[in-house]
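So the structure is just underneath, and the comments pick up after that.
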Amino acid sequence: MAEKITPRSVDYSQWYIDIVLNAKLADYSPVKGCMVIRPRGYAIWERLRDELDRRFKETGHQNCYFPMFIPESFLKKEAEHVEGFSPELAVVTHAGGEKLDEPLVVRPTSETIIWNTYKGWIQSWRDLPLLYNQWANVVRWEKRTRLFLRTTEFLWQEGHTAHETREEAVKETELMLEVYRRFAEEVLCLPVIAGKKSEAEKFAGAVDTYSIEAMMQDKKALQAGTSHFLGQNFAKAFEVQFQNREGTLDYVWATSWGVSTRLVGAVIMTHSDDKGLVVPPMLAQDELVVIPIFKSDNKAEVLAYAQKVADALKADGRRVAFDDDDSSSPGWKFAEWEMRGVPIRVEAGPKDAAAGNVVMVRRDTGEKLVVKADEAVAKARELLAAIQKNLLEKARAFRDANTKPVADLAEVRAFFGKEKAKAHEDGEAHLGTAEVPGGFALGLWCGGRECEAALKAELKVTIRNMPFDRQAGAEGGTCCLCGAPSKHRAIFARSY
RNA sequence: CGGGAUGUAGCCCAGUGGCUAGGGCGCCAGCUUUGGGAGCUGGAUAUCGUGGGUUCGAGUCCCACCAUCCCGACCA
C-alpha cells in the first residue's frame with residue numbers, strides 16, 4: 001500500500017535510498033555495487049547529459065568514443081596514475097575461451113588509452129588543440145557503494161584535451177570548470193563552490209585538480225565535477241611530442257574533466273523532501289501532470305475538459321503526463337506524483353470544469369493556486385521558472401546558513417563535533433544522520449599535508465577545495481589547524 | 001577487508017521441531033467508487049538463499065558457503 005519514505009530526521013541515508021527506490025529511479029542489480037537505472041532515473045540523466053553536451057559543443061568540443069578495454073600495461077605508464085587506480089581495477093584475463101597474453105583492464109578512466117592514441121594524431125602545433133569528449137561507462141571496484149553516488153559501474157563524460165602551451169591548457173581547465181559551475185547552478189539548481197583541490201585530494205596523475213563542491217541536506221559535501229590540469233605527465237608517459245612554432249620538439253599539455261551519474265544523486269539529495277523526489281523543472285521527465293477528477297456520471301465531460309488543458313500545455317512545448325487511470329483515487333495519484341517529483345500537478349475536476357478553472361499545485365512549496373483554464377499555459381511557464389529559481393535559492397540559503405569561518409583547531413573541533421563512529425560508540429544514536437554537526441568550515445591553511453591528514457584521522461573532515469574567490473588575504477595569517485603561516489583559504493567538510 | 005543486519009510469493013512480513021507453509025500489500029477478472037494513498041467478490045503466484053549435517057520428521061536446530069543492505073577504512 002502506501003510506500004513509506006523514512007523521514008530525513010530519522011535516517012538521512014535510508015531516506016535517500018527510499019527516494020531512489022520508491023521514485024523508481026534505480027534498482028539494485030545482481031552484481032554487487034552495480035545499479036540498474038530505471039526509465040525515470042535515466043530520463044533525468046538524459047536531460048542532464050543533453051544540456052551539458054550542448055554546452056560542450058558550444059565551447060568548441062567534439063564527441064568521440066574510445067574502447068572500454070585497456071591493455072594492462074598502459075595503466076602502469078604513469079606512476080601516480082597506476083598507484084591511484086590499481087586497487088579498484090576490474091581485469092579481464094580470459095576471453096574467447098582462452099587466457100589472454102596480456103590482461104585487459106576495464107577502463108576506470110581513459111587517459112591512458114586516449115594518450116596512447118593521441119600519439120599518432122599529433123605531430124605539429126598545427127594539429128593542436130584537440131578538444132574531445134566522450135560519453136562512456138567506467139568501472140571502479142569501490143569497497144563501498146551507494147545508488148548513483150558511487151556505483152561500481154557508472155556513466156559519465158570525460159573530456160580529454162591536448163594543447164600547445166601550459167597557459168592554454170590551464171585556461172581550458174578553468175573554462176571547463178566554469179562550464180560545470182554554471183551548468184550546476186542553472187540546470188541542476190546546485191549552488192557550488194569552485195576551487196582547487198589540495199595535493200592529497202587531487203586526481204592521480206594530475207598537476208592540479210579543480211572541483212565544484214555542493215552541500216547536501218545532511219551538510220556533507222559532494223564533489224559534483226572535476227577538471228584536471230594534467231601538465232605534460234601523460235604526454236611524457238606516452239611520448240606524445242610535437243614540433244612547436246619555434247621548430248623544436250615539446251611535450252603536449254593536457255587536461256581532462258568529467259561529471260558522472262553521481263550528479264543525479266546530488267540533485268536528489270539536495271532538493272527532495274520526505275514526500276519524495278523533487279527535481280528542477282529543467283530535468284523533470286514530465287514538467288506537469290494533469291489529473292482529471294471524475295465521478296462515473298461525469299467522467300466523459302471531465303476527461304474532455306482536462307484533456308483540453310493538457311493539450312494546450314503540450315502545444316506550448318510542455319512535457320505533460322495525463323493520469324486518467326480510473327482504478328486509483330485522486331489521493332493516491334497526488335501522493336504518487338509527488339513521490340515521482342513532478343514539479344506541477346494540475347487538478348481538473350467537475351467543480352473546476354463548471355467554473356472554467358484548474359488547480360495548480362507546486363511540488364517545491366505545496367502551494368495551491370486556482371487558475372483560469374485559459375491562463376494555465378502562461379501560469380505553467382511562470383511557475384516552472386519560479387520553481388527552478390526557488391530550488392537554487394533554497395539550496396544556497398541552506399548552504400550559506402551552514403558555512404562558518406573557523407580560526408583555530410578549537411573552533412574546527414567545536415564546529416564538527418565528534419566524528420560519527422566515535423559518537424556511535426558513545427551511544428549517541430543518530431548523531432551523524434539528520435542532525436550531524438558541521439557543514440562547510442572556511443579557514444586559513446598552511447598547505448601542509450600533515451595537518452590535513454591529522455584532521456581527517458581525527459574528525460573525518462577533509463579539505464574540499466580552496467575556493468578561487470576566497471583567496472584574497474589568505475597568505476600571512478595562521479593555519480587554523482596547526483598555527484603555521486597560512487597560504488590558502490580552504491573549505492573543510494565531511495564528504496561523500 | 002572489519003563491524004552489524006537480512007535472506008519464506010513481485011513487495012513487506014508471520015510461521016516458537018509435527019497434518020496440505022499463512023497474512024497484508026501488489027497483481028489478474030468482475031462489480032462498485034474517485035477533490036489527499038477507497039470497497040466487495042473471485043483468482044493466480046513459493047526450488048522457504050545454496051550445500052551439508054542432526055532427527056522418525058527441518059522453513060524452524062547445527063555447520064559451511066553465497067548474496068544483498070547498513071556502518072567504517074578507499075574513492076567521482
Side-chain angles (χ1 to χ4, degrees), chain A residues 1-4 6 11-14 16-17 21-22 27-35 83-88 108-109 138-158 180 197 200-201 203-204 209 211-213 221-228 256-266 275-276 291-299 302 323-339 345 347-353 357-359 361 366 368 370 419-425 430 432-433 456-457 460 462 495-496:
Chain A
M1 203 192 133
E3 269 113 275
K4 273 274 188 279
T6 307
D11 188 336
Y12 187 80
S13 202
Q14 190 59 48
Y16 174 73
I17 293 163
L21 296 179
N22 286 318
D27 212 340
Y28 293 109
S29 88
V31 180
K32 183 187 166 91
C34 292
M35 108 180 137
E83 193 187 327
F85 284 104
S86 285
E88 53 191 52
T109 179
V138 289
V139 167
R140 298 181 187 177
W141 222 262
E142 304 281 357
K143 303 285 184 212
R144 175 113 167 70
T145 56
R146 277 180 108 99
L147 294 165
F148 284 111
L149 296 181
R150 178 169 299 104
T151 45
T152 300
E153 179 193 13
F154 56 97
L155 306 182
W156 77 345
Q157 57 70 216
E158 44 182 328
Y180 287 154
K197 284 284 193 186
E201 298 281 333
F203 176 73
T209 289
S211 75
I212 50 172
E213 302 282 334
L222 185 83
Q223 181 173 307
T226 50
S227 186
H228 313 292
S256 69
W257 27 273
V259 300
S260 71
T261 32
R262 160 178 273 199
L263 287 181
V264 177
K275 292 194 286 188
I291 302 182
I293 297 160
F294 47 79
K295 295 186 191 298
S296 41
D297 59 354
N298 60 20
K299 183 172 173 180
V302 173
D323 189 351
D324 61 350
D325 178 60
D326 62 2
S327 63
S328 49
S329 69
W332 192 91
K333 292 177 185 176
F334 296 168
E336 183 62 19
W337 287 100
E338 278 164 1
M339 172 85 74
R345 176 174 79 241
E347 303 172 14
K351 283 179 253 170
D352 305 305
N357 292 332
V358 291
V359 178
V361 186
K368 287 194 180 191
V370 178
E419 58 153 297
K420 215 193 223 175
K422 185 78 166 61
H424 273 296
E425 282 167 24
H430 297 310
T433 54
K456 187 174 179 182
K460 313 285 181 220
T462 53
S495 75
Y496 278 96

Taking the [atom1] atom in each of [N] and [M], what is the distance between them to the nearest angstrom?
N	M	atom1	answer
B:A5	B:A29	P	43 Å
B:A9	B:G43	C1'	15 Å
B:A38	B:U33	C1'	7 Å
B:U60	B:G17	C1'	7 Å
B:C28	B:A67	C1'	32 Å
B:C61	B:U45	P	29 Å
B:C40	B:G15	P	26 Å
B:U41	B:G36	P	26 Å

Between [atom2] on [N] and [atom1] on [X], what's the gap in Å once rounded to a whole number?
X	N	atom1	atom2	result
A:Asn357	B:G35	CG	P	19 Å
A:Tyr496	B:C74	OH	P	17 Å
A:Asp326	B:A38	CG	C1'	13 Å
A:Phe154	B:A76	CZ	P	9 Å
A:Asn22	B:C12	CG	P	11 Å
A:Leu21	B:U68	CG	C1'	12 Å
A:Lys275	B:G37	NZ	P	13 Å
A:Asp323	B:G37	CG	C1'	13 Å

With a 3.5 Å limit on both atom pairs, tell me what [N] is paired to, counting Watson-Crick and G-U wobble, or say none.
N	answer
B:A21	none
B:A14	none
B:U54	none
B:G37	none
B:A5	B:U68
B:U45	none

Would you tell me if any nitrogen or oxygen in the side chain of [X] comes within less than 4.0 Å of OP1 or OP2 on [N]?
X	N	answer
A:Ser260	B:A76	no
A:Lys295	B:U34	yes
A:Lys299	B:U33	no
A:Lys143	B:C70	no

Expected output: side-chain A:Lys333 to main-chain A:Ile291 donor-acceptor under 3.5 Å
no
Using atom types as modelled and distance alone, determine if a side-chain donor or acceptor of A:Ser260 lies under 3.5 Å from a backbone N or O of A:Arg262.
yes
Contacts of A:Arg140 meeting salt bridge (charged side-chain N to carboxylate O under 4.0 Å, His left out) (sequence neighbours excluded), chain-then-number -> none
Which residues satisfy the salt bridge (charged side-chain N to carboxylate O under 4.0 Å, His left out) test with A:Asp326, sequence neighbours excluded?
A:Lys299
Report the nucleotide, chosen from B:G36, B:C74, B:G37, that has the shortest atom-to-atom distance to any side-chain atom of A:Ser329.
B:G37
Closest listed nucleotide, where the reference is the side chain of A:Pro350 and the choices are B:G35, B:G37, B:U33
B:G35
If you take atom types as modelled and just measure distance, does the side chain of A:Glu336 reach the base of B:G36 with a donor-acceptor pair under 3.5 Å?
no
Reckon [X] touches a base, only the sugar-phosphate, or nothing at all at heavy-atom distances under 4.0 Å?
X	value
A:Ser328	base
A:Glu347	base
A:Arg345	base

Are any of the side-chain nitrogens in A:Arg345 or A:Glu336 under 4.0 Å away from the carboxylate oxygens of its partner?
no
Going through the checks in order, is the side-chain hydrogen bond (donor to acceptor under 3.5 Å, both in side chains) test met by A:Asp11 and A:Ser13?
CA-CA 6 Å; A:Asp11 188 336; A:Ser13 202; 4.7 Å; no
Atom CG of A:Leu155 and atom CE of A:Met35: how far apart are they, to the nearest 0.5 Å?
7.0 Å
Quick check: on RNA chain B, is the nucleotide nearest A:Glu142 upstream (toward 5') of the one nearest A:Phe294, or the reverse? Name the residue that is more 5'.
A:Phe294
Take A:Arg140 and A:Gln14, find for each the nucleotide of RNA chain B with the closest heavy atom, and name the residue whose nucleotide sits nearer the 5' end.
A:Gln14
Can you say whether the rings of A:His228 and A:Phe203 are parallel (under 30°), tilted (30 to 60°) or perpendicular (over 60°)?
parallel
